[in-house]
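Have a look at this one.
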Amino acid sequence: MIVKDAVCPFCGCLCDDIEVEVEDDRVVAVTNACELGTTKFMGEKRLKNPILRYGDEWKDITYDTAIRYAADMLLSAERPLLYGWSGTHGEAQCVGVHMAELVRGVIDNTSSVCHGPSILAIQEVGHPGCTLGVVKNRADLVIYWGSNPIDAHPRHLSRYTRYAEGFFLENAFRDRKVIVVDVRKTETANIADEFVRIKPGGDYAVLSALRAIVQGKTDTIPRTVAGVTREQLVRVANLCKSAKFGAVYFGLGLTMTPGKYKNIRNAIELVSELSRHTKFTISAMRGHYNVYGSNEVNTWMTGYPFGIDFSRGIAFYNPGETTAVDILARKECDAALIVGSDPAAHFPRKCLEHLADIPVVQLDPYPNATTAFCNVQIPVAVTGIDAEGTAYRMDGVPIRTRRVLSTDYLSDREVLSRMYALMQEAQER
Amino acid sequence: MKVTLAMKPAAKSFISIEAESIVPKNFLDGTDLSVWRGNRELRLDEVFSVLVEGDADRSEDVEVVLSGETFRLKRVGEYMDGGRITILGNIGMHCGNFMSGGIIEVRGNADGWLGREMAGGAIVCRGDAADYCAAGYRGGRKGMTGGTVEVFGSTGDFLAESIAGGTVTVHGNSGDMAGAEMRGGTLVVHGDCRRPGANMKEGSCYVYGTVQGMLPTFRKIGTVQHGGRTLIRFAGDLANRGKGNLFVKDYEYLD
Ligand code: SF4
């Protein structure tokens, strides 16, 4: 059987033109997806059933036992942490927020370690963004700043920018200029019309300089700024000003380097400045396929996009304090539920030390680095493969992922709903 | 009136205790107050040994003295409007949030957001202060609007972010982006710091040490004499409206 228009549940591009060939409830071929997407569809070896740590060994347990374990753990905690959420569908994320409120815990998603700074900046100065389709059809200048789509979002270039046709561009490949700004010559830099190489930590200074140049204050800018010559800065500013429609896409090279959210704020303010001359937009290259969705769900349910602390019964938000890395490093939680992410693979050692000290339950189809820290792991169906649900593309467009095959695994939403029901019962008693 | 709060040793928990009820004014009505550890509400005397000496009928006459593992206490002195709080050791985050009057003295170090969005009164920190000392809140346009904060040690990053009024003095060094988004008030760093005054609109920022990573969007105006020091005067941030004053002893660009 061939499933057409399947949605790839890997990166924030959320490509919705994938063809998947299924035989005997197994994916045998994938067309249109990039290598990352294909690997995800072909699947790794999944965990068969829930497991419970028993001394040095794992014991197989039933879903009922595992779900009850998690519910009891969360109910008895003084400050439970519910973390992850970018690798699951919106419907499951909703249940997660309800649970966090009921047990008065902290709910945080992976944006606190990727694009959280982008959101902080947006909260300060707003977001002049647009959908990917607008960029594809109109943009004659695309800037990748601190992002390397060839590696992380392979089809971004072919579907929307460098190699894409554009409705309002006569010859998109010729008319669309691409600028890459980075600290090293990435693969994406090789296909750019202009490459701006910045000294590490120099993004903020370069953005400030560009803002001043766009305002016509070139004379005060030193001869070089963070390794970039004034001539090149002026050239880039002119390219931007003379474009009909410009789009900036930034990545972790801007959000996770010194200055963090101030870098993004500066980039947004540069875009606002450019919009006095022409049309310019800016957007984040979101990583996980539904990390944007997690921000959306949290925001419409609690008012805040990530790092929400319900311990006092109302939502409190303060990244740097109520975010997972900070809470774990300070040992400020006493239980953790991990859904749809693998913190042990990314978090600093100090955080993992605390994770090892507290009870941890994880919902994940595969054994991963976090498994080593779990007391219980519950395998679930994979959204976009054997579960369906809503995900938000990096530009904020919701797309319903499809189920391409059926298995007996419960989805995240089903497992969490059962957990939540148990918790509600216990509260009523 | 003097209220002494000695923290009882915690079993093993590092979960912080939110104690916004610890403000001098509240003790005028007794000590029947509560604090929160995570999602649990606790009586003040479950966490502290409480001793009250003398009495008072206005907050100006109340002094609260805190001792023990006070680094786990958050929000002490929040909305304080008068009186005095003395913390003998280190204090947790958000000490003196929204304070409008009175004095807080921290003998040890202070964690993040010391004196966040402060409007008046004085905070003295004898040790170091962490990130966001005298700063604003996420997404907020104005940080501190009045009062004074004096830190005798060093501070972390984003010191006095979005400051709009009042005075902040740091005797040691400060981290990255001191006085970012500054729109008023005065910031003085006796030691070194990185990239001060980023995107500042108005206000005055003094650095008596060396500025690293000086931003390229400040225009050099000349030198000035200031308290016996010769400082170089800049106007900026030109990326923004550029009406701020930045005075530095010495600077280097990331060129
Ligand atoms: S670009 Fe992203 S969403 Fe598209 S196929 Fe590749 S991994 Fe999947």
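Keep in mind that this is a model prediction, so the values were computed, not measured. Throughout, protein chains are lettered first and strands after them, A, B, ... in sequence-line order, and every chain is numbered starting at 1.
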Could you tell me the separation between the CG atom of B:Asp255 and the OG1 atom of A:Thr229, rounded to the nearest 0.5 Å?
-> 12.5 Å
Any sub-3.5 Å donor-acceptor pair from B:Arg138's side-chain atoms to A:Tyr317's backbone N or O?
-> no
Could B:Asp111 and A:Arg330 be called an ion pair, given the rule that one side-chain N must be under 4.0 Å from one carboxylate O?
-> yes
Between B:Pro216 and A:Ala205, which heavy-atom pair has the shortest distance, and what is it?
-> CG-O, 3.5 Å
Flag if over 12 foreign heavy atoms under 6.0 Å of CZ, B:Arg241 = no
Note: vs chain B, highest number of non-hydrogen pairs under 4.5 angstrom among A:Pro80, A:Gly201, A:Pro258 is A:Pro258
Give, as side chain, backbone, both or neither, the part of B:Glu161 having an atom under 4.5 angstrom from any heavy atom of chain A.
-> side chain
Check the surroundings of atom NZ in A:Lys241: do more than 12 heavy atoms from other residues, nucleotides or ligands lie under 6.0 Å from it?
-> yes
B:Arg219 side chain reached by A:Asp219 side chain, heavy atoms, under 4.5 Å = yes
Salt bridge (charged side-chain N to carboxylate O under 4.0 Å, His left out) between A:Glu332 and B:Arg72: does it pass, once the steps are laid out?
-> CA-CA 10 Å; A:Glu332 287 186 350; B:Arg72 292 196 300 129; over 6 Å; no
Does B:Arg141 pair with A:Glu124 as a salt bridge, N-O distance under 4.0 Å?
-> no
Drop me the distance from A:His354's NE2 to B:Phe14's CZ, to the nearest 0.5 angstrom.
-> 9.0 Å
Do A:Asn318 and B:Tyr137 come within less than 4.5 Å of each other through their side chains, counting heavy atoms only?
-> yes
For the atom pair OG (B:Ser16) and NZ (A:Lys331), what is the distance rounded to the nearest 0.5 Å?
-> 14.0 Å
With a 4.5 angstrom heavy-atom cut-off, which part of B:Lys74 approaches chain A: side chain, backbone, both or neither?
-> side chain
Is it true that atom NZ of A:Lys350 has more than 12 heavy atoms of other residues, nucleotides or ligands lying nearer than 6.0 Å?
-> no
Does a side-chain heavy-atom distance below 4.5 Å link B:Asn199 with A:Glu269?
-> yes
From the list B:Asn240, B:Asp237, B:Thr217, B:Leu238, side chain to side chain contact (heavy atoms under 4.5 Å, CB included) partner of A:Arg211 resolves to B:Asn240
Residues B:Trp36, A:Glu78; criterion side chain to side chain contact (heavy atoms under 4.5 Å, CB included); working and verdict | CA-CA 10 Å; B:Trp36 289 75; A:Glu78 283 190 0; over 6 Å; no
Take B:Met177 and A:Lys260 through the side chain to side chain contact (heavy atoms under 4.5 Å, CB included) test and state the conclusion after the steps.
-> CA-CA 11 Å; B:Met177 296 213 153; A:Lys260 288 192 158 183; over 6 Å; no
Looking only at A:Gly313, A:Cys333, A:Gly259, most heavy-atom pairs under 4.5 Å shared with chain B are made by A:Gly259
Among A:Gly202, A:Ser208, A:Gly227, who wins on heavy-atom pairs under 4.5 Å with chain B?
-> A:Ser208
With a 4.5 angstrom heavy-atom cut-off, could you sort out which part of A:Asn266 is near chain B: side chain, backbone, both or neither?
-> neither
Roughly how far, to the nearest 0.5 Å, is CD of B:Glu18 from CG of A:Asp309?
-> 6.5 Å
Kindly give the heavy-atom pair with the smallest separation between A:Val103 and B:Asn39, and that separation in Å.
-> O-ND2, 3.0 Å
Relative to chain B, which of A:Lys262, A:Lys217, A:Gln215 shows the most heavy atom pairs under 4.5 Å?
-> A:Lys262
Residue part contacting chain B, namely of A:Ala77, when any heavy atom lies under 4.5 Å = backbone
Work out which heavy atom in B:Ala198 is nearest to a heavy atom in A:Tyr204; give both atom names and the distance.
-> CB-OH, 3.3 Å
Check: B:Gly38 main-chain N/O paired with A:Arg79 side-chain donor or acceptor under 3.5 Å | no
